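If you're wondering where the values come from, they're calculated on a predicted model, not measured in any experiment. What's counted below: heavy atoms across the whole structure, side chains too, no hydrogens, waters or symmetry copies.
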Amino acid sequence: TKPDSSESFNVSLYSDDDLGNDAYSGRSSTVLGSGLGPKKTVNGAISAAYGGDTIYIAAGTYDDEPGNTVDFTTKNMDVEVYGGWALIEN
């Protein structure tokens, strides 16, 4: 299901095995409250993505994926995925 017209496209989504929760929107690399924060699983981020979105996967081990498999075939869309990003705090 595509988002309604009030949703923005070409957004950045984040997945973080340590900080994430698949109930979060995925639209923030840090937990901000009110449902804003990174997805916990890669599949959670992929499920939330639409064509034109970019997914950033934090460095780490994602051993919670079902069967330890990431499913990139669930949607027919153009999504960029980058792995190994690290949040640098000053």
Side-chain angles (χ1 to χ4, degrees):
T1 305
K2 289 185 177 184
D4 64 35
S5 60
S6 66
E7 295 272 344
S8 60
F9 293 91
N10 301 318
V11 299
S12 296
L13 295 164
Y14 300 89
S15 179
D16 189 322
D17 187 47
D18 292 327
L19 300 175
N21 181 324
D22 279 343
Y24 294 156
S25 66
R27 293 185 179 198
S28 174
S29 61
T30 59
V31 178
L32 300 176
S34 298
L36 291 174
K39 295 289 190 179
K40 181 163 184 70
T41 63
V42 176
N43 283 332
I46 291 170
S47 294
Y50 290 90
D53 290 352
T54 302
I55 299 172
Y56 295 96
I57 303 168
T61 302
Y62 291 80
D63 57 3
D64 58 295
E65 299 290 343
N68 210 22
T69 302
V70 176
D71 184 5
F72 287 98
T73 62
T74 58
K75 294 185 174 187
N76 183 16
M77 63 184 167
D78 181 25
V79 172
E80 294 180 15
V81 179
Y82 298 94
W85 69 271
L87 178 64
I88 299 172
E89 296 185 30
N90 295 325

For [Y], is there any backbone N or O sitting under 3.5 Å from a side-chain donor or acceptor partner on [X]?
X   : Y   : value
K39 : G26 : no
D22 : K40 : yes
S28 : V31 : no

Between [atom1] on residue [X] and [atom2] on residue [Y], distance to nearest 0.5 Å:
X   : Y   : atom1 : atom2 : value
T41 : I46 : OG1   : CD1   : 8.5 Å
L19 : Y14 : CG    : OH    : 13.5 Å
L13 : S29 : CG    : OG    : 11.5 Å

Apply side chain to side chain contact (heavy atoms under 4.5 Å, CB included) to D18 and list each qualifying residue two or more places apart in sequence or on a separate chain. D16

Looking at I57, V81, I55, D17, which hits side-chain contact (heavy atoms from CB on, under 4.5 Å) with V42?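 That would be I57; it is the only one of I57, V81, I55, D17 passing the side-chain contact (heavy atoms from CB on, under 4.5 Å) with V42.
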
Side chains of Y24 and L36: does their closest heavy-atom pair fall under 4.5 Å?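 Heavy-atom side-chain distance check fails, nothing below 4.5 Å.
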
Any side-chain heavy atom of T54 sitting closer than 4.5 Å to one from V79? no

